[in-house]
Amino acid sequence: MFDWIQRLADMFVFDILNLEEGKHLTEALNFFIYDSIKILLLVFVIIFFMGIVNSYFPVEKVRNYLSRKKLYGFEYLMASLFGVVTPFCSCSSVPLFIGFVKGGIPLGVTFAFLITSPLVNEVAIGLFIGLFGLKTTVIYVISGVLLGTISGMILQKLKLEKYLSPWVKQVLENSQHETEKFELEHTSFKDKLPSIWKETKTILKGILPYVLVGIAIGGLMHGYIPEGFFEQHMRKDNLFAVPLATIMAVPMYMNASGVLPVIQVLVSKGIPLGTAIAFMMGVVGLSLPEAMLLKKVMTIKLIAIFFSVVTLCIIISGYIFNIIF
C-alpha cells in the first residue's frame, strides 16, 4: 500500500540528492522521508475519519455502553484483535490512539490496541511463518494478542485518565461539545464537514512537531546503531538476557516486518528464540520515537507507567518462549 512512498523517498535520496546507498546518513534520511509522508497521511485520514465517526456516534453513548455492559474483558481482546488487522508500526498507531480516546473508548481498551497493533500484523505473520514455521508463528500471535489484552486490563485498573495531557483533555471537551451541538440541531453531514475539518486541522497542528521529531529520532537510530552491538549482550548463558534485550531495544525503531530478518540472524547465531522475540517486541512495541509522539497525549508519568507495564509483560513472554523452545 505504501510502496509508492518508498519509491518517492528512494528517488529523492538516490536520484535527486545523489547520495550513496548503504551509508548511515542515506539510510537515516530515506527512513525519515518515507515515515514522515506515510505517518502524516495516516494521521490526516484517521483523524478526519474519526471526526466523522464521532459526529454520528456520540462520545457519551459509546462510553456509557462500554462502562455499563459487562463484557468480561472481551472488549480488551476485541481491541487487540483489531490491532492484529491494522498493519501499523508503533508511531503510526498513535493517531488511532488519539482517535480512540477522542471517541470515548476506555483508556485500557485503547492501550490494548496500541500495544498489539505494531506487534502482530498480516505482513509480520507471513514473514514469521517463512522464517520460523507455523507452530512458532501461532504461539507468537497468541502471545502478542494476550500481551495487548492483559496489559490493557492492567492499565485500565490503574485508572490513568487523569494523566492524559491537557491538550487531549481539551480535544475531548471540544469533541463532546461538537457532538452535543450536532445532536440538538440534527445537523446534516454536509453542514458537519466544516467543523470536522477545523477539528482535524487543529489536531494535526498540535501533533505535527512531535511526529516529525519522533520520526527524526527513529531515522537516526535506524541509520546509525549497528546490529552487532546488541548480539554480544543476548547470549544463551546470560540469565538476564531477556530483560536486557527488551531494555536495549527501546532506542531502536522499526516495524515488525523490518526487524524480523534481524531476529532470524540473531537466532541463527545461537541467541535463544524467546530472548530474540523479547528484543523484537521491545523494538516494535517500545521506542523513544513512540514516547516522543505520546508526549503530546500523555504526561511523562503515564508514559512511564505504560512502558513499565508493557516491558514487564514482554519480559515474561520472553522467558515463557525460552521455556517452550
Side-chain angles (χ1 to χ4, degrees), residues 39 46 66 73 75-80 82-84 86 88-120 143-169 171-172 206-207 210-211 213-215 217-218 242-243 245-256 278-318:
I39 291 175
I46 290 164
L66 288 171
E75 65 269 37
Y76 302 97
L77 178 60
M78 286 188 289
S80 290
F82 180 61
V84 172
T86 52
F88 300 145
C89 64
S90 57
C91 290
S92 306
S93 302
V94 172
L96 266 180
F97 174 87
I98 296 172
F100 278 22
V101 173
K102 187 170 178 282
I105 306 300
L107 198 56
V109 177
T110 304
F111 273 129
F113 164 81
L114 183 66
I115 294 164
T116 307
S117 179
L119 290 179
V120 187
S143 65
V145 171
L146 288 177
L147 177 66
T149 303
I150 294 168
S151 298
M153 293 174 74
I154 293 171
L155 289 162
Q156 183 64 35
K157 291 290 184 183
L158 295 175
K159 301 189 183 300
L160 302 170
E161 286 79 5
K162 60 185 176 183
Y163 297 120
L164 289 170
S165 71
W167 180 82
V168 167
K169 291 176 181 176
V171 168
L172 285 170
I207 67 173
Y210 294 84
V211 171
V213 170
I215 297 169
I217 293 171
V242 173
T246 306
I247 293 167
M248 284 196 305
V250 174
M252 300 285 286
Y253 175 57
M254 221 181 294
N255 59 29
F279 177 74
M280 172 186 170
M281 286 182 168
V283 169
V284 175
L286 303 166
S287 68
L288 289 181
E290 180 185 16
M292 285 297 301
L293 292 177
L294 290 174
K295 178 65 180 69
K296 185 62 182 176
V297 296
M298 304 179 191
T299 60
I300 294 292
K301 187 169 183 178
L302 180 51
I303 294 173
I305 294 170
F306 168 59
F307 270 46
S308 298
V309 170
V310 177
T311 299
L312 179 61
C313 290
I314 288 174
I315 291 170
I316 293 171
S317 297

Only pairs under 3.5 Å count here: list side-chain donor-acceptor contacts from residues 301-313, not counting sequence neighbours, and write none if there are none.
unit_1: Lys301; atom_1: NZ; unit_2: Tyr163; atom_2: OH; d: 3.2
unit_1: Ser308; atom_1: OG; unit_2: Ala304; atom_2: O; d: 2.6
unit_1: Thr311; atom_1: OG1; unit_2: Phe307; atom_2: O; d: 2.6

How long is the span from the [atom1] atom in [X] to the [atom2] atom in [Y], to the nearest 0.5 Å?
X	Y	atom1	atom2	answer
Leu107	Leu114	CG	CG	9.5 Å
Ile115	Ser117	CD1	OG	11.0 Å
Tyr76	Ile154	OH	CD1	11.0 Å

Donor-acceptor list for residues 278-285 side chains, cut-off 3.5 Å, not counting sequence neighbours:
none

Check: Gln156 and Pro106 side chains under 4.5 Å, non-hydrogen atoms: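 Touching, per the 4.5 Å side-chain cut-off.
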
Validation: residues 143-152 side-chain donor-acceptor distances under 3.5 Å, sequence neighbours left out:
unit_1: Ser143; atom_1: OG; unit_2: Ile139; atom_2: O; d: 3.2
unit_1: Ser143; atom_1: OG; unit_2: Tyr140; atom_2: O; d: 2.7
unit_1: Thr149; atom_1: OG1; unit_2: Ser80; atom_2: OG; d: 3.1
unit_1: Thr149; atom_1: OG1; unit_2: Val145; atom_2: O; d: 2.8
unit_1: Ser151; atom_1: OG; unit_2: Leu147; atom_2: O; d: 2.7

